[in-house]
Each structure stands twice: as structure tokens, then as C-alpha cells.
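What follows is a set of notes on a single structure, which appears directly below.
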Amino acid sequence: MDLLSKKITFRHALAQWYAKAQRPLPWRTQPSLYRTVVSELMAQQTQIKTMLPYFERWMRRFPNFTALAEASSEDVLKHWEGLGYYSRARNLHKLAQQYIAAESKPRTQAAWQALPGIGPYTSAAISSIALGEAAAVVDGNVVRILARLNDDARVFKNNGEAVKAFTTTADALLDTANPGQHNQAMMELGATLCLKHKPLCTVCPVATFCAAKRNGTQDARPKIERKASIKIEINRAWVLQGDKLLLHRIAENSSQLAGQYELPTLEAVSAKTSKRRLLASRSRAITHRRIKEHIYQTKPKRTLDHSIEWIAVRDLPRITLSGPHRRWINELMSMHNSVAGTQ
DNA sequence: AAAGCGGGGTA
DNA sequence: TACCCAGCTTT
């Protein structure tokens, strides 16, 4: 392959650029195995800029594997609140407990991938960055860069197919003497210059290796098919009596959102015949689903499911809610208070 | 192989 | 609005 025949000079150009252009991220300026692990879990499907404040707060509360392993699930989940993909927090918690308990600590990509929440990407990242193993990472950034370097016109069914297709090339391109630096340099290039829209090719350190730049096809690479979006509507109940709010608690053994609270659905709380008043409508998107949620003020049914709980308003800061639910409750609570205050 | 997961940023 | 982001797990 054309690119691989020049891989030595490519690696050098990339490394020279990364040495001076890299962002001073906290897990780079003060590296450790633990900080690498936490940063990688937090960065899954999440932009660095978004997770950065969470990382700093996390490190103050859980500075090492031991502190995290000994923390309660509630405490761990609370510090993840708003970041999304909450199974990452539960997996990271379990991982810390397994790591502390392990007689022999994991030291290879294969050993790391056996831990909860660690897949091919994250195991390669941890083992290369923190342990010096020659494992190439292939994330969205690397896919984009390699597709452009080769001006690859193939159409991939989804991101997973694209990752598989570029794994061989990524492995061959890896600087095995400095795998951690090389991997981070590739991702840094994708995050700061080889952008999805309007890549900054004029300042790219490896532009001379890039077939897409030569052909002017940057914006069309890579080609990955998208799922059609689905529209969903959900009705939720706002039941505030005295100083207590009715919330739905998701079971601890649920595979998703375990232990989190949310505004209950209207059907779960309110009899069909009871009066209701629309307080607010909000839209949000979860991957390819577009969800519209309507929140109604209503009265509760006589008998409620055990998963529906009265939560004192003063306890709201202590429980874990998803970002949108936290925001809606704050909005509705201040609406309520302002109305009450004028009476 | 495909679906599900969350939220924020951006054009 | 639609798509993307340092992906993994479950079905």
C-alpha cells in the first residue's frame, strides 16, 4: 500500500507535530495508569471537552483505584450524573474492585479487555499508553484519518464495520517503539485538525501523505451509512404534594440506568380519568431516536407500583437523575415556587 | 448482526 | 434538525 511504504516518514511527521501541538490534558501532564483508565472510560462516545470537568471532579473524589473500589454505588453514580452511558460508571466501579482484588494485576491488552466496560479500543488505549504495549487504537478519529489518507471510497454499513476494515492498516502504521504516543497523536490529529467537517488540511502535518486531500474528497471520507431516525413520544407525570415529589426509581438490577430516578410516566401514576394539565414539552435525542416528552401535572392513583417513590424536595440534590430530568425538575420546581410566591 | 445506551456540541 | 463524539454490552 502506498501509505505503508512511507510509514517511517509518516510516523516521524506525526510525532513531530504531536510533540508541540498536543493539548495539555490532565492525564498527559500528570499521567498514571488509573488516570488513563478513567479518562478512557469517560471518553467513550464523549467529546474530550465535555468530559474534562467530570474528570477533574472525579479525581478529587476518587484519586486512585482503592478510593474508587471502596466508594458506594450511589456516590459513584452521582459523580457520573449528566455524562450519560451510565453503565460506564458501574463498569468502572466494578473494574476498580476487581483490580484491587486481583492477585496479579492485568498487564496486557488481552488481560485488560477481560475487565468490565473494556473493549478492543479501550484495551488498546490503556495497554499502549500506560503499559507500552504495541496495540493500535481504532476509534472514530483513526477511521476518519485512514479513510482520508487512502481516499477510501468503500461504503460501510456502520461504524463497527469501518473500525474492522481499518484495523489492519492501523496496526501496520503503528510506531511500535512509541505506541502510546503514536495512538494519542492519531486521535489528537483527528480531534483537532482532521475534523469531520472542514478539516484543517492547510496546517496538517501529514497532508503530503493524504490521497483525499490530493483528490479534494475529504468531506466525502469516510462513507458510513446512517440509521433512519425514529420518533417517540412519552407522557410524564408531575405530582408534587407538599414537600414531596413522585419519582420512578429504576431497579438496581436493570441493565440500563440502574438506580437512577426519573419523572414517572403518566400511565404509571395517573388514572385514565383523572384531570391533567400540560406543564411543559421537551425534545431530546438518544442516538437515532428522537424523543418528545410531555410533562403533565396530575393527581396520583390510589395504588402505586413499588418502583414509584415519594422523594422529599430537599433530598433531590442527593439522588441521581439523568441530565434532562434534573433540568426539567429544576425548571418545574422554580415555576412552582414562583407561582406559590406570588400568591 | 443489530439494537440500545445519553448527553452535549455543531453546522 | 441531523449528525458526530477517545465504544461496549446485550439480544
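Labels below follow one simple rule: chain letters A, B, ... track the order of the sequence lines, proteins then strands, and each chain is numbered from 1.
- At whole-Å resolution of the value, NE2 in A/His325 and P in B/dC5 are 12 Å apart.
- Within residues 183-192 of chain A, the residues that have a heavy atom under 4.0 Å from DNA chain C are, in order of number, A/Met187, A/Ala191.
- Close placement of the A/Phe62 and A/Trp58 rings is indicated, their centers lying within 6.0 Å of each other.
- Taking the ring-ring contact (aromatic ring centres under 6.0 Å, His included) definition, one finds that A/Trp17 meets it with nothing, sequence neighbours left out.
- Applying the side chain to side chain donor-acceptor pair (under 3.5 Å) test to pairs two or more places apart or on separate chains, those with a residue in residues 113-124 of chain A are A/Glu40-A/Tyr121, A/Gln44-A/Thr122, A/Gln109-A/Ser123, A/Gln113-A/Ser123.
- Comparing C/dC5, C/dT9, C/dG7 by their nearest atom to the side chain of A/Arg144 picks out C/dC5.
- Using a 4.0 Å cut-off, no side-chain N or O of A/Tyr85 falls inside it from OP1 or OP2 of C/dC5.
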Criterion side chain to side chain donor-acceptor pair (under 3.5 Å) on A/Asp305 and A/Ser307, from CA distance to verdict: CA-CA 5 Å; A/Asp305 189 87; A/Ser307 65; 2.8 Å; yes

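- The other residues sharing a hydrophobic cluster with A/Val269 are A/Val239, A/Leu246, A/Leu304, A/Ile308, A/Trp310, where clustering joins ILVMFWY side chains under 4.5 Å apart.
- Near DNA chain C, meaning a heavy atom under 4.0 Å from it, residues 22-33 of chain A has A/Arg23, A/Leu25, A/Trp27, A/Arg28 in order of number.
- Atom CG in A/Leu115 sits roughly 13 Å away from atom P in C/dC8 (whole-Å rounding).
- Note: CG (A/Asn158) to C1' (B/dA1) measures 9 Å, nearest angstrom.
- Under a 3.5 Å cut-off, the side chain of A/Asn64 and the backbone N or O of A/Ala67 do form a donor-acceptor pair.
- Per the geometry, CD belonging to A/Glu225 stands 13 Å off P belonging to B/dA3, to the nearest Å.
- A straight line from CG of A/Asn159 to P of C/dC5 spans 7 Å, rounded to a whole angstrom.
- With sequence neighbours excluded, no residue satisfies salt bridge (charged side-chain N to carboxylate O under 4.0 Å, His left out) with A/Glu309.
- Atom NZ in A/Lys196 sits about 10 Å away from atom P in C/dC3, given to the nearest Å.
- Here the separation of C/dT11 from B/dG6, taken at their P atoms, is 14 Å to the nearest Å.
- Distances shorter than 4.0 Å separate none of the side-chain N or O atoms of A/Lys164 from OP1 or OP2 on C/dG7.
- When atom types are taken as modelled, the side chain of A/Arg236 and the backbone of A/Tyr296 share no donor-acceptor pair closer than 3.5 angstrom.
- Position along DNA chain B of the nearest nucleotide to A/Arg88 versus A/Glu161 favours A/Glu161 as the more 5'-ward residue.
- Remark: A/Asp175 engages no residue in a salt bridge (charged side-chain N to carboxylate O under 4.0 Å, His left out) (not counting sequence neighbours).
- When the P atom of C/dG7 is taken as reference, atom OH of A/Tyr86 falls 18 Å away, rounded to whole Å.
- Listed by chain and number, the residues in a side-chain hydrogen bond (donor to acceptor under 3.5 Å, both in side chains) with A/Arg88 are A/Thr46 (sequence neighbours excluded).
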Can you give me the N/O atom pairs linking the protein to nucleotides 8-11 of chain B at distances under 3.5 Å, or say none if there are none?
{"residue": "B/dG8", "atom": "OP2", "partner": "A/Arg327", "partner atom": "NH1", "Å": "3.4"}
{"residue": "B/dT10", "atom": "OP1", "partner": "A/Lys49", "partner atom": "NZ", "Å": "3.1"}

query: Is there a salt bridge (Lys or Arg N to Asp or Glu O under 4.0 Å) between A/Arg221 and A/Asp151 once you walk through the steps?
result: CA-CA 7 Å; A/Arg221 305 287 181 263; A/Asp151 195 17; 2.7 Å; yes

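- Side-chain atoms of A/Thr46 and base atoms of B/dG7 include no donor and acceptor less than 3.5 Å apart.
- Side-chain atoms of A/Lys105 come within 3.5 Å of backbone N or O of A/Ile100 as a donor-acceptor pair.
- As a whole-Å value, the separation of A/Ile234 CD1 from B/dG6 P is 13 Å.
- Taking the centre and axis of the six-membered ring of A/Phe156, the NZ or CZ atom of A/Lys223 falls outside the cone set by 45° and 6.0 Å.
- If you find the closest nucleotide of DNA chain C to A/Gln113 and to A/Glu40, the one lying nearer the 5' end belongs to A/Glu40.
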For residues 72-83 of chain A, run the donor-acceptor check on the side chains, cut-off 3.5 Å, and write out each pair with its distance to 0.1 Å, sequence neighbours left out.
{"residue": "A/Ser72", "atom": "OG", "partner": "A/Asp75", "partner atom": "N", "Å": "3.1"}
{"residue": "A/Asp75", "atom": "OD1", "partner": "A/His79", "partner atom": "ND1", "Å": "3.3"}
{"residue": "A/Asp75", "atom": "OD2", "partner": "A/Arg61", "partner atom": "NE", "Å": "2.9"}
{"residue": "A/Asp75", "atom": "OD2", "partner": "A/Arg61", "partner atom": "NH2", "Å": "2.4"}
{"residue": "A/Lys78", "atom": "NZ", "partner": "A/Glu81", "partner atom": "OE1", "Å": "3.3"}
{"residue": "A/Lys78", "atom": "NZ", "partner": "A/Pro317", "partner atom": "O", "Å": "2.6"}
{"residue": "A/Lys78", "atom": "NZ", "partner": "A/Ile319", "partner atom": "O", "Å": "3.1"}
{"residue": "A/His79", "atom": "ND1", "partner": "A/Asp75", "partner atom": "O", "Å": "2.9"}
{"residue": "A/Trp80", "atom": "NE1", "partner": "A/Gly84", "partner atom": "O", "Å": "3.0"}
{"residue": "A/Glu81", "atom": "OE1", "partner": "A/Leu321", "partner atom": "N", "Å": "2.9"}
{"residue": "A/Glu81", "atom": "OE1", "partner": "A/Arg326", "partner atom": "NH2", "Å": "2.8"}
{"residue": "A/Glu81", "atom": "OE2", "partner": "A/Arg326", "partner atom": "NE", "Å": "3.1"}
{"residue": "A/Glu81", "atom": "OE2", "partner": "A/Arg326", "partner atom": "NH2", "Å": "3.4"}

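- Taking a 4.0 Å limit (strictly below) on heavy-atom distances, residues 121-138 of chain A reaches DNA chain C at A/Tyr121, A/Thr122.
- Of the C1' atoms belonging to B/dA1 and C/dC5, the separation is 23 Å, rounded to the nearest Å.
- Note on residues 191-213 of chain A: no pairs pass side chain to side chain donor-acceptor pair (under 3.5 Å), not counting sequence neighbours.
- A/Leu83 comes within contact range of at least one nucleobase, with a heavy-atom separation under 4.0 Å.
- Going from the P atom of C/dA6 to that of B/dA11 covers 15 Å, rounded to whole Å.
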